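Lettering follows sequence order; numbering is per chain, from 1. Source: prediction; values computed, not measured.
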Amino acid sequence: MPTAILPDGTRKSYDHDVPLKQLAADVGPGLAKAALAAVVDDQVVGLDYILTGDQTASVRFVTKKDPEALGVLRHSCAHVMARAVMRLKPGTRLAFGPTVEGGFYYDFDTDEPLTEDDFPAIEAEMKRIIEADEPFERIEESREKALEICRSLEQPYKVEHIEEGLADHDTVSFYRQGEFVDLCRGPHLPSPKAIGAFKLLSIAGAYWKGDQSRQQLQRLYGTAFFNKKDLDAYLERLEEARRRDHRVLGKKLGLFTISPLVGSGLVLWLPKGSIVRGELEKFIRGELEERGYLPVYTPHIGRIELYQTSGHYPYYKESMFTPIVLEEDEQYLLKPMNCPHHIMIYKSRPRSYRELPLRLAEFGTVYRYEQSGELSGMTRVRGFTQDDAHIFCTDEQVEQEFRSCLEMTQFVLDTLGLTHYRVRLGFHDPSSDKYVGDKEAWREAEASLVRVCEQLGLEAEAEEGEAAFYGPKVDFVVTDCIGREWQLGTVQLDYNLPSEERFALEYIGSDNRPHRPVMIHRAPLGSLERFTGVLIEHFAGAFPLWLAPEQARVLVVSQKFEEYGREVQRRFKEAGLRVGGDYRSEKIGAKIRDAQLEYVPYMLIVGGREAEQGTVAVRDRIEGDQGPMPVADAIERLLEETRARTVRQTFTSSVGLGDRNAQNVY
RNA sequence: GCUGCUGUAGCUCAGUCGGUAGAGCGCGUCCUUGGUAAGGACGAGGUCACGGGUUCAAGUCCCGUCAGCAGCUCCA
């Protein structure tokens with residue numbers, strides 16, 4: 001006999017199979033009314049779920065206060081949307097319709113393309129469907145019956161999914177609402193009435209099963225909430241995120257620009273952005289020096305043979321700018337990677353084990369011909385500078401070096417207050433042939449990565465297929481303000497480029513015999529372009545003092561005090577601070593407002609009182625008026641905050657439709 | 001690269017049915033000289049992304065190119 005264990009520990013037993021709907025009613029009429037779904041043994045299910053036989057399960061009912069409810073609601077809303085589209089565009093083939101962070105989508109194969117102009121009609125139809133309030137009805141069928149149903153509904157994608165994706169399922173489930181029947185795992189709301197507010201957000205193309213060689217579908221994105229207030233709040237957060245977008249702020253604050261005449265994906269760093277980049281480079285350079293790296297410089301082009309030897313050319317030919325051809329046998333590539341150049345520095349003379357580990361570092365600028373549709377502000381570009389280095393070491397040194405690289409990356413991210421990142425272990429995909437090197441070396445390398453991460457207490461998740469072609473890696477991945485993920489820092493282990501088939505690197509060991517070194521590729525920031533783009537959003541344009549293009553600005557109360565203002569400005573400048581001055585014939589309120597809007601961290605306000613006493617009235621961008629203090633004290637205060645690289649404010653929230661952890665995929 | 005959308009002043013955007021372009025901010029000049037988030041007046045500023053086409057007439061309609069946006073795919 002089925003038994004349910006409720007959250008408060010009470011057990012309810014039945015002498016017959018019992019649907020959760022009834023269980024809820026037995027617990028109380030209030031619950032029966034409020035319950036939207038349930039969690040049975042950690043699995044979210046609908047109220048149509050039936051406790052059977054000798055099943056003993058923990059059951060927790062989900063109401064709109066529980067976080068699980070929103071996902072169920074959105075998935076139901078996706079069905080409502082699909083039903084509306086089916087009504088408006090008969091014959092549409094349905095693909096997948098999962099929930100994603102922030103909402104849901106559904107993929108359609110329509111005869112005529114959908115456009116945003118179709119949204120009002122679809123939304124109106126959805127509204128009618130919700131108001132009609134027909135229940136979602138779960139139907140379980142055998143595979144054969146299910147195939148028959150999907151064939152009769154003329155839903156070829158569903159047929160394919162039952163045949164392939166669900167090959168190991170004996171039965172599959174459908175949900176029916178009125179005339180609309182869809183293959184679906186569920187769960188759904190008891191009825192659509194709970195969908196209090198929804199909105200279609202965008203339309204885009206998407207490939208069937210994510211495969212570029214297959215049919216392109218129309219992906220309709222939307223979001224839904226229990227009430228209008230939550231929807232409005234979400235839309236407001238989207239707006240805010242948009243204002244924090246590095247492309248918007250980069251333009252507004254004069255940090256960078258991109259000119260079609262120069263070329264798309266090629267960043268022009270404006271003076272203010274260049275200051276931020278320069279400070280980051282200075283910071284990294286200091287760390288490199290302390291950690292025993294040696295600076296090198298290499299040219300921006302190299303002969304094509306260099307990249308044929310490394311293996312990059314055959315693998316990434318399509319993603320490179322086409323070769324510069326001088327003569328048949330003399331071709332050059334704009335370098336897409338720094339490693340082959342650094343390898344040639346290693347190879348410039350015989351190496352002894354006494355030199356290892358040899359750490360060669362360069363802010364190396366590389367060029368990659370990224371697909372046009374991929375380009376995005378500073379985060380995906382065609383020319384970028386990596387804070388790159390390659391470490392050549394012995395087998396015994398690998399783990400220690402690898403650990404140091406991870407520690408440096410963590411240190412750099414911590415310094416900037418970037419704490420919301422995930423660590424991804426990029427492992428090879430055993431079913432792919434894109435990797436070079438023997439299996440044993442890969443196995444060993446991946447095992448050592450896991451070991452080091454465990455030692456450091458790094459919570460890392462392994463992902464197959466994310467490795468570089470020459471070795472596994474550890475990536476630091478952050479999410480931007482609209483929910484997209486970007487890889488920043490990376491540390492990669494490489495047993496292949498040093499190998500006989502590639503560059504045949506050697507060092508002479510203590511036994512006076514040649515040995516093969518191991519390489520580590522690493523870049524804590526990744527690229528300065530992408531990192532700066534992410535930082536702009538991370539600080540919402542308000543950089544901490546040490547990075548701020550203009551650290552302080554002298555504001556004179558009236559132009560009568562310009563002379564004293566310029567004297568103050570000179571003293572701050574001599575102390576090494578980046579200080580501007582506002583001597584316009586504006587009122588002090590206007591000058592403060594402008595400085596605030598430009599995110600100048602400190603305002604130095606001077607008028608008659610300050611001129612007389614040799615002080616400045618310091619106004620903190622965050623805290624406001626700090627009152628007057630001697631010029632020397634103010635300088636010392638700012639210098640101290642700069643030296644400490646203090647981070648006082650960050651913004652980490654992200655909204656949008658990122659599809660990590662997509663639920664209910666069919 | 002693919003699907004959909006967009007491109008008007010330095011920026012953000014309006015421009016109805018096809019009838020030769022507007023606002024706010026910013027910028028310049030002048031007045032104003034002030035005490036912690038917007039003082040006032042006047043003025044300059046446009047190849048309506050680019051190239052074709054339809055039309056008596058195109059910012060507006062059609063085609064192409066370039067660029068951007070959203071998503072997919074890719075990412076050494």
Side-chain angles (χ1 to χ4, degrees), chain A residues 100 105 107 110 113-118 201-221 242 245 247-248 251-252 254 258-261 263-265 307 310-313 315-316 318-320 335-340 366 368-377 380 386 388 426 434 466-471 473 475 482-484 486-487 490 492 494 497 521 523 555-562 583-597 603 605-610 617-621 624-628 656-659:
Chain A
V100 292
Y105 66 77
D107 286 346
T110 51
L114 292 168
T115 75
E116 279 176 31
D117 296 338
D118 296 315
L201 296 175
S202 66
I203 179 92
Y207 300 104
W208 169 236
K209 297 222 165 165
D211 185 344
Q212 200 171 359
S213 67
R214 306 195 65 177
Q215 178 69 34
Q216 186 155 30
L217 310 166
Q218 304 254 291
R219 176 167 296 178
L220 197 42
Y221 281 92
R242 175 79 190 128
D245 190 310
R247 291 163 296 189
V248 174
K251 187 182 268 186
K252 189 172 134 198
I258 294 170
S259 148
L261 191 54
S264 51
Y307 290 95
S310 72
H312 287 100
Y313 190 68
Y315 275 97
Y316 296 107
E318 300 307 314
S319 308
M320 291 181 183
K335 75 172 168 185
M337 288 293 286
N338 299 303
C339 36
V366 298
R368 299 179 186 174
Y369 192 79
E370 304 285 3
Q371 301 182 71
S372 59
E374 275 308 330
L375 300 175
S376 177
R380 192 79 186 264
Q386 299 173 309
D388 210 357
K434 79 164 202 176
E466 289 293 325
F469 74 87
Y470 48 71
K473 55 180 185 159
D475 293 328
I482 53 176
R484 288 186 287 215
W486 301 103
Q487 175 196 313
T490 183
Q492 313 179 351
D494 182 0
L497 294 186
H521 308 237
L555 309 184
V556 290
V557 166
S558 103
Q559 288 178 312
K560 278 187 284 199
F561 311 109
E562 175 164 352
Y583 305 105
R584 294 174 303 163
S585 70
E586 290 292 344
K587 300 214 290 194
I588 191 67
K591 294 181 187 180
I592 288 169
R593 180 169 193 272
D594 289 343
Q596 288 281 155
L597 293 176
M603 283 151 263
I605 296 171
V606 298
R609 298 198 287 271
E610 288 78 14
V618 174
R619 182 187 165 97
D620 180 323
R621 186 186 66 79
D625 191 5
Q626 303 292 294
L657 299 166
D659 71 346

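Between the side chain of A:Q559 and the base of B:U33, a donor-acceptor pair under 3.5 Å is found. At a cut-off of 3.5 angstrom, the base of B:C75 holds at least one donor-acceptor pair with the side chain of A:R380. The base of B:G1 does not come close enough to the side chain of A:E370 for any donor and acceptor atom to sit less than 3.5 Å apart. A:Y369 contributes no side-chain N or O that forms a donor-acceptor pair with the base of B:G1 under 3.5 Å. Contact of A:S585 with B:U32 (side chain to base): a donor-acceptor pair of N or O atoms is detected under 3.5 Å.
Annotation: B:C13 and B:G46 have their C1' atoms spaced 15 Å apart (nearest Å). Taking atom C1' in both B:G71 and B:G10, one finds a spacing of 31 Å when rounded to whole Å. The same atom, P, is picked in B:G52 and in B:A57; the two are 16 Å apart, to the nearest Å.
In terms of the salt bridge (charged side-chain N to carboxylate O under 4.0 Å, His left out) criterion, residue partners of A:D107 (sequence neighbours excluded) are, by chain and number, A:R219.
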* **For RNA chain B, the dot-bracket pattern of Watson-Crick and G-U pairs whose distances stay under 3.5 Å, | for other-strand partners** => (((((((..((((.....[..)))).(((((.......))))).....(((((..]....))))))))))))....
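Using a 4.0 Å heavy-atom cutoff across all strands shown, A:K335 reaches no nucleic acid atom at all. If you check every strand for non-hydrogen atoms under 4.0 Å, A:Q492 touches sugar and phosphate atoms only. In this structure, A:S372 reaches the bases: a heavy-atom distance under 4.0 Å links it to at least one base atom across the strands shown. Looking at heavy-atom distances under 4.0 Å, A:G210 makes contact with sugar-phosphate atoms alone, never a base. Among the protein residues, A:E466 comes within range of no part of the nucleic acid, since none of its heavy atoms lies under 4.0 Å from any strand. Within 4.0 Å of A:K209, counting heavy atoms only, lies no atom of the nucleic acid at all.
Among the nucleotides B:U36, B:G34, B:G4, the one closest to any side-chain atom of A:K587 is B:G34.
Both geometric conditions, a ring-centre gap below 5.5 Å and a plane tilt below 30°, are not fulfilled together for A:Y221 over the base of B:A70.
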